[in-house]
Chemist: 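Here's a structure for you.
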Amino acid sequence: MKQRTPNKLFQSDLVKEALRDSFIKLSPAKMFRNPVMFTVWIGTIVMIGVCIWIATGEQSQGNLTYNIIVTGVLFITLLFANFAEAIAEARGKAQANSLRKTREETRAKLLQQVGEVFMNEIKIIPSSYLKKGDVFVCEAGDIIPSDGEIIEGLATIDESAITGESAPVIREAGGDKSSVTGGTKVLSDKIKVKVTTEQGESFLDKMIALVEGASRQKTPNEIALTILLAGFTLVFIIVTVTLKPFGDYAHTPITIAAFISLFVCLIPTTIGGLLSAIGIAGMDRALRANVITKSGKAVETAGDIDVLLLDKTGTITIGNRKATNFYPAHGVDEAHFIQSVVLSSLADETPEGKSIIELAGIDIKNFTLTNPRFIKFTAETKSSGIDVDNVRIRKGAADAIRQLCERNGNTFPEETGKIVKGISSNGGTPLVVSENEKVIGVIELQDIIKPGIQERFQRLRKMGIKTVMVTGDNPLTAKYIAEKAGVDDFIAEAKPEDKMNYIRKEQKEGRLVAMMGDGTNDAPALAQADVGVAMNSGTQAAKEAGNMVDLDNDPTKLIEVVEIGKQLLMTRGTLTTFSIANDVAKYFAIVPALFITSIPALQALNIMKLHSPETAILSAVIFNAIIIPLLIPLALKGVTYKPIGASALLRRNLFIYGLGGVVVPFIGIKLIDVLVALFI
Amino acid sequence: MSTEITGISIMFVLLILLAIPLGKYIGKVYSNEKTWLDGLLNPIDRFFFKLGGVNPLKEMNWKQHLLALLTINFIWFLLSMFVLMNMSWLPLNPDHNPSMPADLAFNTTISFISNTNLQHYSGETGMSYFGQLTVMLFQFISAGCGMAMAAVVFFAMKEKATDKLGNFYFFFIRTCSRILLPLALVAAVIFAFNGVPMTFKGKDTITSLQGDTVQVSRGPVAAFVAIKQLGTNGGGFFGPNSAHPLENPSYFTNIIQTIYILLIPIAMVFTMGYILKRRKLAWVIFGVMLTGFLLLLIPTIINEMNGNMAITKMGIAQPLGSMEGKEIRFGSAASAYWAINTTCTSNGSVNAMHDSLTPLSGMFVMLGMMVNSLFGGVGVGFLNFYIFIILAVFISGLMVGRTPEFLGKKIEAREMKIAMIIALLHPLLILAGTAISSYLYAHNSTAYASWLNNPGYHGFSEMLYEYTSSSANNGSGFEGLGDNTPFWNITCGIVMLLGRYLPIIGPVAIAGILANKKYIPESAGTLKTDTGTFGLMVFAVIVIVAALSFFPALALGPIAEHFSIH
């Protein structure tokens, strides 16, 4: 994961912005979105009223200072909750802004348009004036002013501003690599680019809006959790309200401050205050992994993924095959064979060709060739090679060389046939080499499985996710690689519609499927998948179809996205558990305090031995308030996900956050009580 | 002492040994598999289906199930109101007992159709035999309805992506004919042979040793008591319920009666395991229920056997434990055991006065009703537990990083809404009811002086108990409460009504909605619900949602009383 901004949780400028926002968010219209905190807001207003009432001479509600302190603590509770949301927003915005900054204030070379025809005249305008459908030109050294699609030309482009990857990439018109991103730099050549998005509607803009809250909608899971929390809040409204007549019956006057404190302590303010921060932080973490999500729901869904479709090339194997073995034919000297092989590959610029020379370990500078004639690979001959000193060396697919030899009256040795078969069934690709139309040996090319990929698949399996490899290879090779890499299933000789059918089949059985794609022909599958991650280098169609865009074009990114999704849900669950478990201690702090004067016997319930009713109530509300900022780092970073199986994970989290949630407030409230008692 | 503990242990072991195979049998009855009573009962069932014009194989969705349930319950409501308000001139009234006034008839009717059997009257003087037989019918019907609804939920849990959940009448008739009737018959015969009256003759006159003549009430008691115990009904034939020597004459009948309280509620857990083919889940649920049950039972037995602190303080030894309000033929341990049995289930029959339990025992019996799902009422106990499962699944699902699912179906906002409403209904009914009565009493204690025989903490416990018992459809009383007044009859009636039907509608709706959802196959990332960890989670949810919301109320009643006599 590349990080452009330092990953400090609280940067001072962000904190300042968040502090200001926490006050702005106090407006009832904003508070209303969060039922739990809204009830605290009402409680605070009531307490302000009570303070005024006491100031005008009311005696029954305890002394003014105590009431003002309770009011103040409630107010701070609100601010803390707002701050949690604000700091999460500020961090998300800062992250997105740093991405956006690069694309502002660039100049665009707009191609003038007359009717439907583009003239060759160029007008320089600020990039912000570009409209969808405009065409601009970029030459070496230009910053690309807007997202778009190349309609003419080819260029090397430095995308490090977006991806952090310094190696330049090639983008060209037509095909699957035609998309360019605003803010990246053209290093060579010249391209014509058509603007594909309206200004302010790029994915980044959408993401910023999502983080800022204007267009942020609660995800289905967030709604369900809010219902749960609202339900708990209602239960405690009932508990608190009915306590009034109970108190009357027991001849115990209970102050309004005590009622409101009991209520605020019992309702799940901790999770209520942190809930939206957790959601925003989830999207922010995705952004930090250089993944732009189009909705909060997509991140959540990622945590539920059952099946992961991965392309073989680039994800499971290192992009290219490498030569791994030489098999000289019977009676051919190995040194001679290797020399011939190297000769045939001298002009071969493909990675396979280079790997052959690498494996041979011969320094090609020592070769002095007179009059070499290099034969390029064509689809017709299916072979390439060299003619030098009357020696014709060819290497190519077994069938092609067999034909070549047999046409010239030579037999294709049976032994070579066996070797070829053996290599194929081991997932390799055989290249047969001939010299003057006689077979002299076989080169074995093998897919190189990415180091560490087995462990990642192992991890996915423990998460309960099935991995599926998609490849154009024949089933034999595909099976071999699938087994070696440790994927659970594979689609061989895959056509674009095969992906689609596979996704449909899995979805029909109730599973959620994620895939990554870049090409236009991936678009339908990306749209069909529950989580579709489009590569930033991919076509516009692919990017529109998916619900996430990966700026790094890293096919293994899906794995990170899944973990981010799981973390998001876990953070919600654990903090809910913690928040509700806290109630046990709070009951034991407040209930004895309420009845200490009228029912002294109930002091037996004061197991924390709190100093006085006032300090007991104050320390409970203070604990309730400060636990929110203390948990902000956890809400923003997320609870660590460990793929140890669902039951073990539940045991672990139940132990830490459930048992912790019962124990921590006992200690916290007691400590605060000791401190508060010093002043009261 | 130790014989008392042995007595309880025998009852408990016998109970488990009988409940497990019974659970399997009930599972077969609902799954329409062959059982040994088929030959005898198939024609009878067919007769009833034909009579009612019902096709028992026509499957219903969850809404149709609820509609069927509510419709027949409404008709029974009208029938019962009519009988109770006209008993005086209807047949089978040898003692010439009067008809009930409207408010008492309303309370009694709801009490019996809702399987609560809260009795604000005394059977000896308040009911004719015709009235008794009518309410006895409802003891069958209400138990049958609850179990039929549990069957609907079991099949909903089992089914995948369908709204066809069996036929209500099929479940209902088979429950009555194959489960309740045979079991009740066995018990009734045993009771009749052990001294429980079974007659339609009026009061008998006996001459005591002192030479006085005494009028002794009797009637068709044995049959009545059998179903009262079996169907978690608890409505006694006589006012003192099973503490009455003719209703529960000996320790032997007490063993049978105690076992019958928990028999079906425990069996239903294993029925679920049988129907779903998930035995492990059944054992986990059984384990959670049993843990809660024992946590209430053990301290209650210890408390009762240790005697009453207030009496100990006077320097009086209590070798038999706290015996106030208990029958000497049962002793303190068996009475405490019964008390927890009858309150953890929604039975509500008593063999000792709960009003006289030591304060903390009073709290534990109330907690049993407040949780109302530690085995709970026949059928409905599982439905209540189902709500807690849904809540636990939701929270723990999140904790393992997946959107929550239960048995392969996702739990979303709509199900959460229903689950939350049902979860908060019980505290609402209990606390609001107690709040209203406390308010009235606190602000005009002279006008309502007749309500409470013991003002103070104990009086508060009496009111709290009454509403808890009504809302939990338990029906036992703390007594000591002057409850046959329009206020108590009507408010308790409303609480019983809401406390019965909403907690049936909610779980059936959730289960029905879930059954219709897309099925998600299990993977290694799926939260397993048949593990001890998940059981612990459910237990924690029960403690926090059900028990903790009553903490302030309990603090003012039994807890305050306990600490003030110590």
Side-chain angles (χ1 to χ4, degrees), chain A residues 220-221 223-225 227-228 230-231 234-236 238-239 241-246 248-250 300 303-304 306 461-466 509-511 565-567 569-570 572-574 576-577 580-581 583-584 587 591 594-595 599 601-602 604-605 641 645-647 649-651 653-654 657-658, chain B residues 391 394-404 408 411-413 415-417 419-421 423-424 427-428 431-432 434-436 438-439 441-443 457 460 518-521 523-528 531 533-534 536-537 540 544-545 548-553 555-556 559-560 562-564 566:
Chain A
N221 178 260
I223 293 171
L225 184 56
I227 291 170
L228 179 84
L234 274 173
V235 169
F236 295 122
I238 297 166
V239 170
V241 169
T242 54
L243 202 52
K244 166 75 178 133
F246 295 173
D248 289 352
Y249 176 91
E300 224 168 64
D304 280 355
D306 300 294
R461 194 163 304 116
K462 278 190 193 152
M463 287 182 191
I465 295 171
K466 176 178 159 188
E509 283 163 25
R511 297 192 182 85
K566 288 204 177 286
Q567 267 192 326
L569 295 172
M570 277 173 51
R572 276 190 203 140
T574 50
T576 304
T577 308
I580 296 170
D583 279 1
V584 179
Y587 267 119
V591 169
L594 295 178
F595 303 113
I599 313 174
L602 280 184
L605 290 181
Y641 177 77
S647 287
L649 200 59
L650 179 63
R651 228 172 359 252
N653 286 334
L654 203 55
Y657 299 95
Chain B
L391 296 181
F394 187 80
I395 300 175
S396 47
L398 287 182
M399 278 211 279
V400 300
R402 269 176 91 93
T403 54
I411 294 175
E412 288 161 307
E415 297 81 69
M416 277 317 283
K417 208 179 284 174
M420 231 30 241
I421 290 172
L424 68 87
L428 172 71
L431 294 176
T434 315
I436 293 169
S438 306
Y439 180 86
Y441 190 86
H443 290 269
Y457 312 132
F460 183 78
K518 204 166 74 175
Y519 176 78
I520 306 151
S523 76
T526 313
L527 177 77
K528 302 259 186 310
T531 62
T533 317
F534 182 74
L536 183 70
M537 187 71 201
I544 291 194
V545 176
L548 271 191
S549 38
F550 298 103
F551 185 66
L556 282 177
I559 298 177
H562 171 80
F563 285 117
S564 56
H566 267 71

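Numbered from 1 within each chain, the chains take letters A, B, ... in sequence-line order. Model, not experiment: these values are computed from the prediction.
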Chemist: Quick one: what part of A:Asp306 sits under 4.5 Å from any heavy atom of chain B, side chain, backbone, both or neither?
Modeler: side chain
Chemist: How would you list, by chain and number, every residue that makes a side-chain contact (heavy atoms from CB on, under 4.5 Å) with B:Lys417, sequence neighbours excluded?
Modeler: A:Ile227
Chemist: Side chain, backbone, both or neither: which part of B:Ala555 has a heavy atom under 4.5 Å from chain A?
Modeler: both
Chemist: With rounding to the nearest 0.5 Å, note down the distance linking OG1 in B:Thr533 to CZ in A:Arg651.
Modeler: 4.0 Å
Chemist: By a 4.5 Å heavy-atom criterion (distance strictly below it), what part of B:Ala553 contacts chain A: side chain, backbone, both, or neither?
Modeler: both
Chemist: Distance from B:Thr403 atom OG1 to A:Lys566 atom NZ, nearest 0.5 Å?
Modeler: 9.0 Å
Chemist: How long is the span from the CD1 atom in A:Ile223 to the CD atom in B:Glu412, to the nearest 0.5 Å?
Modeler: 10.0 Å
Chemist: Between atom CG of B:Leu536 and atom CG of A:Leu650, what is the distance when rounded to the nearest 0.5 Å?
Modeler: 8.5 Å
Chemist: More than 12 non-hydrogen atoms from neighbouring residues, nucleotides or ligands closer than 6.0 Å to NZ on B:Lys528, yes or no?
Modeler: yes
Chemist: Sort B:Leu548 into side chain, backbone, both or neither according to what part of it lies under 4.5 angstrom from a heavy atom of chain A.
Modeler: both
Chemist: Can you tell me which portion of A:Phe595 sits under 4.5 Å from chain B's heavy atoms? Options are side chain, backbone, both or neither.
Modeler: side chain
Chemist: Looking at chain A, which one of B:Pro427, B:Ala540, B:Ser549 has the largest number of heavy-atom pairs inside 4.5 Å, strictly under?
Modeler: B:Ser549
Chemist: Less than 4.5 Å to any heavy atom of chain B: does that hold for the side chain of A:Val584, its backbone, both, or neither?
Modeler: both
Chemist: Give the C-alpha distance, both sets of side-chain angles, the deciding distance and a yes or no for side chain to side chain contact (heavy atoms under 4.5 Å, CB included) between B:Phe551 and A:Leu605.
Modeler: CA-CA 11 Å; B:Phe551 185 66; A:Leu605 290 181; 4.0 Å; yes
Chemist: Between A:Leu594 and chain B, which part of the residue has a heavy atom less than 4.5 Å away: side chain, backbone, both or neither?
Modeler: neither
Chemist: Contact part of A:Tyr641 toward chain B, heavy-atom cut-off under 4.5 Å: side chain, backbone, both or neither?
Modeler: side chain
Chemist: If we define contacts as heavy-atom pairs under 4.5 Å, which of B:Pro404, B:Ala419, B:Pro552, B:Ser564 has the most with chain A?
Modeler: B:Pro552
Chemist: Side chain from CB out, backbone as N, CA, C, O: work out which of these in A:Leu228 comes under 4.5 Å of a heavy atom of chain B, or both, or neither.
Modeler: both
Chemist: Side chain to side chain contact (heavy atoms under 4.5 Å, CB included) between B:Met399 and A:Met570: does it pass, once the steps are laid out?
Modeler: CA-CA 4 Å; B:Met399 278 211 279; A:Met570 277 173 51; 5.7 Å; no
Chemist: Name the one of B:Tyr457, B:Tyr441, B:Tyr439 that satisfies ring pair (Phe, Tyr, Trp, His ring centres under 6.0 Å) with A:Tyr249?
Modeler: B:Tyr441
Chemist: Pick one of side chain, backbone, both or neither for B:Ile411, based on which atoms fall under 4.5 Å of a heavy atom in chain A.
Modeler: neither
Chemist: For A:Lys462, which atoms come within 4.5 Å of any heavy atom of chain B: side chain, backbone, both, or neither?
Modeler: backbone
Chemist: Relative to chain A, which segment of B:His443 carries a heavy atom at a distance below 4.5 Å: side chain, backbone, both, or neither?
Modeler: side chain
Chemist: What option among A:Leu225, A:Leu243, A:Val241, A:Thr576 has the most heavy-atom pairs under 4.5 Å with chain B?
Modeler: A:Leu225
Chemist: Checking side chain to side chain contact (heavy atoms under 4.5 Å, CB included) for the pair A:Ile599/B:Leu556: CA distance, chi angles, key distance, verdict?
Modeler: CA-CA 9 Å; A:Ile599 313 174; B:Leu556 282 177; 3.4 Å; yes
Chemist: Can you name the side-chain contact (heavy atoms from CB on, under 4.5 Å) partners of A:Ile238, sequence neighbours left out?
Modeler: A:Thr242, B:Leu424, B:Leu428, B:Leu431
Chemist: Any side-chain heavy atom of A:Leu654 within less than 4.5 Å of one from B:Ser396?
Modeler: no
Chemist: Determine the minimum heavy-atom distance between A:Glu509 and B:Pro521, stating which atoms define it.
Modeler: O-CD, 3.0 Å
Chemist: Measure B:Phe460 against the heavy atoms of chain A and call it side chain, backbone, both or neither at under 4.5 Å.
Modeler: both
Chemist: Rounded to the nearest 0.5 Å, what separation is found between the CD1 atom of B:Ile544 and the CG atom of A:Asp583?
Modeler: 7.0 Å
Chemist: Closest heavy-atom contact between B:Ser438 and A:Phe246?
Modeler: OG-CD2, 3.7 Å
Chemist: How many angstroms lie between atom CZ of B:Arg402 and atom CG of A:Asn221, to the nearest 0.5 angstrom?
Modeler: 12.5 Å
Chemist: With respect to chain B, which residue among A:Ala604, A:Ala230, A:Gly658, A:Ala250 yields the maximal number of heavy-atom pairs within a distance under 4.5 Å?
Modeler: A:Ala604
Chemist: Please state whether the side chain, the backbone, both or neither of A:Val591 comes within less than 4.5 Å of a heavy atom of chain B.
Modeler: side chain
Chemist: Against chain A, label B:Thr531 side chain, backbone, both or neither, depending on which of its atoms sit under 4.5 Å from a heavy atom there.
Modeler: side chain
